[in-house]
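Encoded as structure tokens, the structure appears first; notes follow it.
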Amino acid sequence: MIDLNLLRDEPELVRESQRLRGEDPELVDRIIDADARRRSSLAAFEGARAEQKSMGKQVATASADERPALLAKTKELAERVKAFQADATQAGNEFDELLRQIQNVVEGAPPGGEDDYIVVREVGQARDFTAEGFQPADHLAIGEGLRAIDTARGAKVSGSRFYYLTGIGARLELALLNAAVDCALRAGFTPVITPTLVKPEVMAGTGFLGRHSDEIYHLGTDDLYLVGTSEVALAGYHSDEIIDLSDGPLRYAGWSACYRREAGSHGKDVRGIIRVHQFHKVEMFSYTTVEDAAAEHQRLLALEEEMLALVDLPYRVIDTAAGDLGSSAARKFDCEAWLPSQQRYLELTSTSNCTTYQARRLSVRERTESGATRAVATLNGTLATTRWIVAILENHQQADGSVTVPEGLRPYLGGLEVLIPKA
RNA sequence: GGAGACGUCGCAUAGUCCGGUCUAGUGCGCCACCCUGCUAAGGUGGUAACGGGGCAACCCGUUCGAGGGUUCGAAUCCCUCCGUCUCCGCCA
């Protein structure tokens with residue numbers, strides 16, 4: 001939810017943001033109309049209600065003679081109050097529904113759609129496998145050779161896009177996630193293991209129930225949603241609270257399973273564990289002041305790059321175009337690692353600045369020096385996911401099917417330096 | 001799953017049986033000021049969020065776990081739901 005005052009004072013700014021996203025700019029004007037209707041009907045209701053309350057007091061103190069006449073009047077007034085209230089409630093609901101449709105106001109993201117990102121920087125050097133004299137295998141072939149990834153049995157038991165991580169595969173994931181938690185701890189984040197089932201209002205509050213709601217698993221019997229990221233649970237953590245940011249941002253590192261339906265991605269990344277229905281992730285989540293949000297966004301990006309350096313992957317950072325932003329994000333940076341088998345980049349991390357959008361929807365506020373309350377900003381960013389295994393196996397593979405363990409990860413694998421294929 | 005108790009403005013609690021004087025009282029905490037040579041103590045006042053109108057002091061409305069209902073009027077009566085606690089059952 002965006003700031004209503006911004007929409008009133010600078011409607012053109014919001015219209016332009018909607019255009020950049022490829023969304024309807026006229027929604028802004030429909031909201032302004034709905035706001036006017038809401039306010040006039042609210043004034044009518046409140047006036048009638050005030051009258052009703054004061055007459056109620058007269059009834060209480062009236063003598064037995066006066067009472068019948070007063071009661072007749074108040075009875076009639078009660079009808080009017082009820083009607084006015086129904087109008088006001090309806091106008092309020094219409095207004096809320098429209099306001100919730102407006103996506104966050106874009107801040108600095110390049111215009112365009114999915115392919116219109118800007119490459120911020122490229123880091124590290126992709127290996128030249130031709131010069132090394134062998135064809136790089138894909139992560140699944142390597143993983144199967146190591147007895148680390150089993151997609152066949154995953155499909156047998158749970159269906160397509162499910163998998164088992166076995167032996168070194170399981171250890172590799174734990175190592176990565178533990179390294180991510182350590183990275184977060186060093187940076188002052190509080191590690192949190194979150195719920196992965198959340199209520200509708202929390203899912204809606206984070207902005208995931210809009211256009212892409214078919215991406216989300218819903219348990220109808222219990223009306224609960226399976227989270228696609230611990231961001232959801234961490235955003236809900238301080239919902240309906242007034243938090244204290246006077247000592248700096250509140251920073252959490254969520255560890256959770258993540259569930260995604262992957263609707264509409266049929267036939268895409270079907271091989272291996274690149275695009276799966278369930279995976280694990282360590283996710284950073286910060287609550288900051290509005291003023292500090294952009295700087296915090298850079299801090300989260302820096303931590304993501306620290307993790308990528310730890311596992312020694314070549315990658316690039318992209319500034320996502322406005323049309324490819326989630327509805328909550330004002331700006332988003334992705335880190336994409338090089339994928340030798342496919343000669344392309346693969347998204348490993350994503351960090352979004354949601355400014356006050358989620359905080360307004362979830363009612364997370366802070367108290368300013370003057371004693372007033374105002375919405376905080378929220379940001380999130382990936383520190384490690386199961387998918388990282390893909391890039392690690394492929395980039396550190398050797399001609400004989402073994403994989404060199406990146407130095408930064410060795411302490412998390414008991415000093416193991418190389419992963420050897422099993423016969 | 002069954003039975004019971006409870007949910008009030010930061011915390012604690014009064015009010016609910018018997019609807020109107022509740023504009024929700026009190027204590028603690030917190031803030032400001034006053035007093036006492038320091039400390040401690042004491043005194044006075046203030047102390048929720050959200051929304052609407054002036055856009056400043058102020059006025060009005062909503063909110064007593066949530067949502068419905070009864071009533072001229074609901075913290076108070078009725079219904080449904082949620083949560084917490086205690087006991088029982090079941091599972092681990």
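Chain identifiers are assigned alphabetically (A, B, ...) following the order of the sequence lines, protein sequences preceding nucleic acid strands; residue numbering begins at 1 within each chain.
Annotation: C64(B) and C22(B) have their C1' atoms spaced 11 Å apart (nearest Å). On the P atoms, U63(B) is 7 Å away from A75(B), given to the nearest whole Å. Spacing of C1' atoms, U47(B) relative to G25(B), comes out at 15 Å, to the nearest Å.
Nucleic acid contact class of R367(A) (heavy atoms, under 4.0 Å, all strands): sugar-phosphate only. Here K73(A) lies out of heavy-atom contact (under 4.0 Å) with every strand. No engagement by A43(A) is indicated, since no non-hydrogen atom pair under 4.0 Å with the nucleic acid exists.
Nucleotide G61(B) holds its P atom 13 Å from the CD atom of Q85(A), rounded to whole Å. Rounded to an integer number of Å, the gap from E46(A) CD to G53(B) C1' is 9 Å. Straight-line distance from the CG atom of L42(A) to the C1' atom of C50(B): 12 Å, rounded to whole Å. K75(A) places its NZ atom 8 Å from the P atom of U71(B), with the value rounded to the nearest Å. Atom CD in E76(A) sits roughly 17 Å away from atom P in U71(B) (whole-Å rounding). When the P atom of A49(B) is taken as reference, atom CZ of R365(A) falls 8 Å away, rounded to whole Å.
The pair E296(A)-R251(A) meets the salt-bridge criterion, since a charged nitrogen lies less than 4.0 angstrom from a carboxylate oxygen.
Of the residues near RNA chain B, K82(A) and R8(A), the one whose nearest nucleotide (by heavy atom distance) lies more toward the 5' end is R8(A). Nearer to the 5' terminus of RNA chain B, by closest-nucleotide assignment, is the contact made by R39(A) (compared with the other of K199(A) and R39(A)).
For C50(B), one of the phosphate oxygens OP1 or OP2 lies less than 4.0 angstrom from a side-chain nitrogen or oxygen of T373(A). Distances shown here put every side-chain N or O of R49(A) at or beyond 4.0 Å from the OP1 or OP2 atom of C60(B).
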